[in-house]
Protein chains: 2
Amino acid sequence: MTIRVAVIEDQKDTRDMLAVLINGSEGYKCVATYENGEDAISAIPELEPDVVMVDIHLPGLTGIESVRKLKALCPEMQFIMCTSLEDPENIFNALQAGATGYLTKSTTPTKILEAIADAYNGGAPMSSQIARKVLTFFQAKEEKVNKELDKLSAREQEILDYLSKGYRYKEIASLLFINIETVRKHIHNIYEKLQVNSRTDALNKVFPKPKGLYALAI
Amino acid sequence: MTIRVAVIEDQKDTRDMLAVLINGSEGYKCVATYENGEDAISAIPELEPDVVMVDIHLPGLTGIESVRKLKALCPEMQFIMCTSLEDPENIFNALQAGATGYLTKSTTPTKILEAIADAYNGGAPMSSQIARKVLTFFQAKEEKVNKELDKLSAREQEILDYLSKGYRYKEIASLLFINIETVRKHIHNIYEKLQVNSRTDALNKVFPKPKGLYALAI
DNA sequence: AATGAAATACCACTATCGTGGTATTTTTCA
DNA sequence: TGAAAAATACCACGATAGTGGTATTTCATT
C-alpha cells in the first residue's frame, strides 16, 4: 500500500527536498508538486492524492485559502500545513480551513514521513506545543461568554437557556412550575443586567456567534 | 528540577501504579494521591503541585468537574485527563474545562512520564488520534446550515440575517427601504419554509448552536 | 407570450413580549 | 442575627411579533 502525496510549496529547494524524501521512502510516492495554489486547485481534484503537504506562504492564493477550496472539493483528502510560523491565528485558521496536520519547518524528515502516515490513518499530526495553542483558542472562547453569563443568577441562567431554545414565557413558566409573571420578571432582570431589550439581543450578547458563519453560508 | 505531581484516581491499583511510576523516576515526585474529586479540591490548592493526573470517572464529582473547579482556583496548574473513553464529547468537555492533556489508559509508562513533562513545559500531550477528534469538533459545522438556508430566497436570507442580529421589523424595513408590511410578509414566508413560528426557532434551525456550550458554562 | 417565483404593499386581528411598578418569601452570607 | 440578594407573584399598558388574507409588479424561464 503506497500513500500518494502531493506537495504545494513555492520554494524550489524545499519542494524538491520533500519530493526526494517522499519518493525515497518505502510506502510513499510523491505524485505531483505545485509552486502555487491556483495550479494545485486545478489539478489536484483529478489526481486524487491521499495527502497534500501545503506551505502556508504561497504567492497569490495563500496556503490556507487553497486548503479551504480543495477540502470543499475533496473532503476525504488529508492536508498537512507546513510553515515556519507558529502563531495561534494561523494555526487556527489553517485547521478551520480543513487541514488536519500542522508541521513546522524544523520537523525532521522521519517525523515528516510519520506525519504523512498519521494523517492518512486518521490522526492529526502536530507537535504538542501546537496542540496547546489550539487548546488555548478553545479555552479563550469561553471567557467572554462567562463574563456576561456570570452576571446572572443560576435561575436567570436557567431561564436564559430556555429563551435560547425558543420557549415562550408561558412554556417556561410551566416547565419551571412558576407563574408567568415571575418568568417575565426574571427576563426583565436579565435584560437589565445585560443592557439589552430583546431576546435576540440577549442571546447574541451571551452567546456570540462564530464570525463569518453566515457570510460563508451565503 | 523536580516536577511535583498529584494523582486523582479512584481505583487503588491504578493509583498506586502511577505513584510508584512517578516516584521511581528521576525528576518526578508524586506529592499526593486522592481517591475522589472532593478531597482533591480541598487539598490541592494548598499543595500546589505542578501537574495533576485526573481520572475522568470518579465517584461523586466527576473528573471533568474537578478540573473545572481546580483550574479556576489554580490557573497555572496543568491537568492531564486519564481515561479509557475516547468519545469526542468527553474529550471536548475535558479540554474545555481546562485540561491540557488527554491520555488513554493504554498509554505506556514511558509515554506517561513524557506527557507529564510535556504538560509542565507548555505542551498539550495527546495522541494524534485524539487531536483529530478535537479538530473534528472545530470543523463540524455548515452542512445542515446550508440545507435549511438554501430553501430561502436571497432576499429572505438577507432578512434572516437582520433577524439574527436582533433588528426589529421597522428597523429592517428602513434599512432595506421597503415597507414594514413587506418585511412582515417575508418573515412570514421564512417561517413557513422553515416550519417554525418564532424568530428564535428560525435562528436555531438555520444556525444550530455548538452543543454543550451552555451546559458547560453553567 | 405565458407561467411562475419572488418582491413588493396593505389590512385586520390576536398573541406574545417588554416596561414599570409593588410586594412577600426564601436563601445566602457576613 | 440581620442585611442583602434572589426568587416568587401580581397588575396594567403599550410595543412588537406572528397569522391569514388579498393584490400588484417585476423578472426569469419556458
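Axis angle between the ends of the helix from C:dA1-D:dT30 to C:dA30-D:dT1, five pairs each and rounded to 10 degrees, works out to 60°.
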Every protein N/O within reach of nucleotides 24-30 of chain D N/O, cut-off under 3.5 Å:
none

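Listed by residue number, the members of residues 169-179 of chain B with any heavy atom below 4.0 angstrom from DNA chain C are B:Ile178, B:Asn179. Near DNA chain C, defined here as any heavy-atom distance below 4.0 Å, the residues from residues 186-197 of chain A are A:His188, A:Tyr191, A:Asn197, listed numerically.
Taking the ring pair (Phe, Tyr, Trp, His ring centres under 6.0 Å) definition, one finds that A:Tyr169 meets it with nothing, sequence neighbours left out. Partners of A:Lys193 under the salt bridge (charged side-chain N to carboxylate O under 4.0 Å, His left out) rule, at least two apart in sequence or in another chain, are A:Glu156. The ring pair (Phe, Tyr, Trp, His ring centres under 6.0 Å) check on B:Tyr120 picks up nothing, with sequence neighbours excluded. Under the salt bridge (charged side-chain N to carboxylate O under 4.0 Å, His left out) criterion, A:Arg168 pairs with no residue, sequence neighbours left out. In terms of the salt bridge (charged side-chain N to carboxylate O under 4.0 Å, His left out) criterion, A:Asp39 has no residue partners (sequence neighbours excluded). Shown here are the salt bridge (charged side-chain N to carboxylate O under 4.0 Å, His left out) partners of B:Glu181, two or more places apart in sequence or in another chain: B:Arg184.
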Please assess B:Ile159 against B:Ile190 for the test side chain to side chain contact (heavy atoms under 4.5 Å, CB included), listing each intermediate value before the final yes or no.
CA-CA 9 Å; B:Ile159 287 176; B:Ile190 290 170; 4.2 Å; yes
Between B:Val5 and B:Val52, is the side chain to side chain contact (heavy atoms under 4.5 Å, CB included) condition met? List the steps.
CA-CA 6 Å; B:Val5 184; B:Val52 185; over 6 Å; no
Going through the checks in order, is the side chain to side chain contact (heavy atoms under 4.5 Å, CB included) test met by B:Val54 and B:Ile80?
CA-CA 6 Å; B:Val54 188; B:Ile80 300 176; over 6 Å; no
Step by step, work out the side chain to side chain contact (heavy atoms under 4.5 Å, CB included) result for A:Tyr162 and A:Leu175.
CA-CA 9 Å; A:Tyr162 285 117; A:Leu175 282 166; 3.8 Å; yes
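Contact check on B:Asp161 versus B:Lys165 returns a salt bridge, with a Lys/Arg side-chain nitrogen under 4.0 Å from an Asp/Glu carboxylate oxygen. Salt bridge status for B:Glu9 with B:Lys105: present, with a side-chain N to carboxylate O gap under 4.0 Å.
Under the 4.5 Å side-chain criterion, counting only non-hydrogen atoms from C-beta, A:Asp10 is not in contact with A:Asn36.
Within 6.0 Å of the OH atom in A:Tyr34, the count of heavy atoms belonging to other residues, nucleotides or ligands exceeds 12.
Rounded to whole Å, the distance from CZ on B:Arg199 to C1' on D:dG18 is 11 Å. Between the P atom of D:dA15 and the OH atom of B:Tyr167 lies a distance of 22 Å, rounded to the nearest Å. Here the P atom of nucleotide C:dT16 and the OH atom of A:Tyr162 are 19 Å apart, to the nearest Å. Spacing between atom CD1 of B:Ile180 and atom P of C:dA7 amounts to 18 Å, rounded to whole angstrom units. Atom pair B:Glu156:CD and C:dT8:P shows a separation of 10 Å (rounding to whole Å applied). Rounded to whole angstrom, the span from the CG atom of A:Leu152 across to the P atom of D:dA5 amounts to 16 Å. Nucleotide C:dC17 holds its C1' atom 15 Å from the CD1 atom of A:Ile159, rounded to whole Å.
Residue-to-nucleotide proximity on DNA chain C shows that, of A:Gly166 and A:Glu181, the 5′-proximal contact is made by A:Gly166.
Residues B:Ser106 and B:Thr104 bring a donor and an acceptor atom of their side chains to less than 3.5 Å of each other.
Here B:Arg184 does not reach the OP1 or OP2 of C:dT8: none of its side-chain N or O atoms lies under 4.0 Å away. Of the side-chain N and O atoms in A:Ser153, none sit less than 4.0 angstrom from OP1 or OP2 of D:dA5. Close to C:dA15, at under 4.0 Å from its OP1 or OP2, lies no side-chain N or O of A:Arg168. When the side-chain nitrogen and oxygen atoms of A:Thr182 are compared with OP1 and OP2 of D:dA9, one or more of them lie within a distance under 4.0 Å.
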At under 4.0 Å between heavy atoms, which parts of nucleotides 22-30 of chain C does protein reach? Answer with one letter per nucleotide, 5' to 3': B base, S sugar-phosphate only, - none.
B--------
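The side-chain hydrogen bond (donor to acceptor under 3.5 Å, both in side chains) contacts involving residues 15-30 of chain B comprise B:Lys12-B:Asp16, where partners must be two or more places apart or lie in separate chains.
With A:Gln78 contributing its side chain and A:Asp50 its backbone, the two residues share no donor-acceptor pair below 3.5 Å.
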